Amino acid sequence: MKDPNNTRDVGPRVGTPLWLYLAGTTAAGAALLAGSLVWLGPGDLLVLADRPLVWLILCMVVLGELRPIATPGSAGDEGAPTSLPFSFALLIHLGLPAAGLVQALATVVAGVARRHAPHRTAFNAAQYVLSLGVADAAMRLFHPGASVYPWVPQGAELVLVGLAGAAYFVTNLVLVECAVAMHERAPLHTVLGKDIGQRLFVNGVLLSLAPLVVVAMTHSIWLVPLFALPLAALYSSATLSVKREHQANHDELTGLANRKLLILRTQEALTEARQRDLRVGLLLLDLDRFKEVNDTLGHPTGDRLLQIVAVRLTRSVRPGDLVARLGGDEFAVLLPQVRDAASAREVAARLRVALAEPTRIDGMDFDLEASVGIALYPDHAPDFELLMQRADVAMYVAKEQRTGVESYAPHKDRNSTDRLSLFGELRRALVEKELEMYYQPTVDLESGRAVGMEALVRWRHPTRGLLEPHEFVPMMEQSYLIRGFTHEVLELTLAQVARWRREGWRFPVAVNLSARELLDPTLPDVVAAALRRHGVPPEGLRLEISERTMVAEADAVAPSVLALAELGVPLSLDDFGTGYYTLARLNGLPLEEIKIDGSFVRRVEEDADGRTIVASAITLVGSLGMRAVAEGVESAGAAEEVRALGCRAAQGRHFAPPLAAAEAEEWIRGAVRKDDRGVPGGHRIESS
């Protein structure tokens, strides 16, 4: 059961404290082993090599290194090796040179078999030799007779063996956990205390078998392999327990931590952070457009892609960080220690870069993108639940705004206390008729005529004043009030359209529709009824659909779009250029107007690339027989640039900001007075 979050095989950078520690420990272990072999002499070394017992023990130690007894919470290739009774018995019986050499050789063989990194294998061999060396020194110090080999402890001498075993355990524990603490950037006392009772019990059982192995050696070396049976039973029992624990805490498909383990590790990190005044970071990551992969190529391909994502994420985080899969295409990354929001954003950016590498499956290339939300303790939340919620808010902001990475910001949180209070007042706003419509003109760039108006909703709040759409419309779209909201907007707008038509002003007035409104199958009937009620012909109303809505919900909203077109209501595609809409889809829609997003229009005065993009969009729209409208025109220069590029109409604060109905009427009358050409059906506007 290989843990994807295990980064022990990732080599430290040269010169870092961890690199110095590993190098120093490896050098010390090699020196001790070399010194013991020199002290033994070449003659005695040959005698050892000629003994079948040594080779048998070597085989048992190799097998034991490949079958460690893992404790719950550890990876399957970590834990107390079942080789310990045999290597420690060899230490007792024949001394450090034989035991150290056998253990070192077995560690190298096992490391190669398990594909451990060379630095990890070398360190493991060295720490085993050093631990055996300390145990050997303890026996020599308290009982000089232990230096006479072969030695078989008798009676009270078993107490000495117990002390040597304790010295081995403590030395091995400190050497290994110091490296782990530096690798994971965790406090040493925390790492040392983790599962200490379980580890003490397992190592105690294994070390207690060593004297029995020594007794078996003295009678017949063929009795030694019989110890493999109880050790195999112990290994199987521990493995089954660890496997069950692993399944309960890890995702079956990717092997990553699941939500349960993420909660546990986050709570541990928060406890540590409170004690040491640290920051904890939680990143939520959601793959963009992953649903299209599953829908198009099937779930097996999607599963393989998720496995690749898991590997890339775990290779991109720091040692000690935890990657979890929460379900579907949503992942989480726990940063138990993070300096500040900028450091968390660096990690998020690294994750996105890793995912952006092209992926090839079954001869097809995939480009993966992800949206990442960041929340920090204690900056944004005091506990796991709120930390998760606010990282989720930030992630959806990143997805909606297509920024890639976002940190939690209270003013963007639709679920903040202030916003929840506002949500409770929305129903009253509809009942008390607190919604108002503002109107912004669309201007013909050649003749200067007003060729349309866009209706923009405002909320006249009794205590907060006039609220902009972004402050309440998203909440309305997510609530059960959306149908009543749509009805009210249509009523206010069409009533105004009817009044203006009686004044002789017959330009269409546009109303924006959200995805939620378009998903309502009764929308065409609601629009038709509203038109009849106010006596407004279909061409007096224009409905605007955001390009992002068409990208995200194209198939779902298509029936409503086609039904509205059949009513004769002109349709407009808003924010064109921000949603990556394809030419094929654009050509298949009953659209009369395409509004080029202001983020592109504002660049026409700044650089050649901006002009090229807008010119291409205008040419594309014209070739499809539709009208292009430039949004966000804020200067005379921008108006002239888009006009020169072939755009026929524009909208923006250069001509007029959104106006209340009375102000819009004054603006129209002023435009009529300036119309010295008497163009029928329109109103000339002079740009000042």
Side-chain angles (χ1 to χ4, degrees), residues 29 32-65 80-107 109-110 125 127-169 171-172 203-231:
L32 178 60
L33 180 59
S36 67
L37 293 177
V38 170
W39 175 81
L40 185 64
D44 291 337
L45 191 60
L46 290 174
V47 171
L48 282 177
D50 196 45
R51 296 187 64 170
L53 173 64
V54 174
W55 292 101
L56 176 62
I57 294 297
L58 175 61
C59 293
M60 300 301 293
V61 173
V62 169
L63 292 175
E65 284 294 313
T82 50
S83 62
L84 184 55
F86 305 103
S87 59
F88 200 74
L90 198 61
L91 177 73
I92 297 170
H93 196 55
L94 296 179
L96 177 62
L101 182 60
V102 166
Q103 182 64 64
L105 289 173
T107 303
V109 172
Q127 57 92 6
Y128 278 136
V129 171
L130 291 172
S131 301
L132 291 170
V134 171
D136 184 64
M139 286 189 291
R140 288 171 180 270
L141 179 65
F142 292 104
H143 186 55
S147 300
V148 180
Y149 301 111
W151 180 54
V152 179
Q154 303 287 333
E157 294 174 337
L158 291 176
V159 176
L160 179 62
V161 172
L163 291 174
Y168 171 91
F169 174 75
T171 304
N172 182 265
N203 279 271
V205 170
L206 294 175
L207 288 168
S208 68
L209 293 176
L212 299 177
V213 176
V214 173
V215 173
M217 290 176 180
T218 60
H219 286 78
S220 172
I221 63 172
W222 304 115
L223 294 175
V224 173
L226 296 179
F227 285 93
L229 297 177
L231 289 174

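Please read these numbers as outputs of a predicted model, since none were measured by experiment.
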Validation: residues 153-162 side-chain donor-acceptor distances under 3.5 Å, sequence neighbours left out:
from, atom 1, to, atom 2, distance (Å)
E157, OE1, Q154, N, 2.7
E157, OE2, H143, NE2, 3.0

Output a table of donor-acceptor pairs, distance under 3.5 Å, between side-chain atoms of residues 56-64 and any protein atom two or more places apart or on a different chain; print 'none' if there are none.
none

Name the atoms and distances for all side-chain donor-acceptor pairs under 3.5 Å in residues 214-223, with sequence neighbours left out.
from, atom 1, to, atom 2, distance (Å)
T218, OG1, V215, O, 2.6
H219, ND1, V215, O, 2.9
S220, OG, W222, N, 3.3

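The side chain to side chain contact (heavy atoms under 4.5 Å, CB included) test applied to A99 returns L90, L91, L132, not counting sequence neighbours. Applying the side-chain hydrogen bond (donor to acceptor under 3.5 Å, both in side chains) criterion to N172, with sequence neighbours excluded, gives Q127. Remark: T107 engages Q103 in a side-chain hydrogen bond (donor to acceptor under 3.5 Å, both in side chains) (not counting sequence neighbours). Scanning for side chain to side chain contact (heavy atoms under 4.5 Å, CB included) contacts around L101 gives L33, L37, L45, L105, with sequence neighbours left out. Residues satisfying the side chain to side chain contact (heavy atoms under 4.5 Å, CB included) test with P81, not counting sequence neighbours, are E65, S83, Y128.
A167 and A138 get closest at one heavy-atom pair: CB-CB, 4.4 Å. Listed here is the closest heavy atom pair of V129 and G29: CG1-O, 3.6 Å. Considering all non-hydrogen atoms of both residues, A164 and F88 come closest at C-CZ, 3.8 Å.
With rounding to the nearest 0.5 angstrom, the CG atom of L206 is 6.5 Å from the CG atom of L231. Here F169 contributes atom CZ and L207 contributes atom CG; the two are 9.0 Å apart, rounded to the nearest 0.5 Å. Note that the OG1 atom of T171 and the CG atom of L130 stand 8.5 Å from one another [nearest 0.5 Å]. Note that OG of S131 and CG of D136 are 12.5 Å apart. Values are rounded to the nearest 0.5 Å.
Within the 4.5 Å cutoff, the side chain of W39 has no heavy atoms near those of the L96 side chain.
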Go through it in stages, so that I can follow the logic: the residues are Y168 and V134, the test is side chain to side chain contact (heavy atoms under 4.5 Å, CB included), and I'd like the CA-CA distance, side-chain angles, deciding distance and then a yes or no.
CA-CA 6 Å; Y168 171 91; V134 171; over 6 Å; no

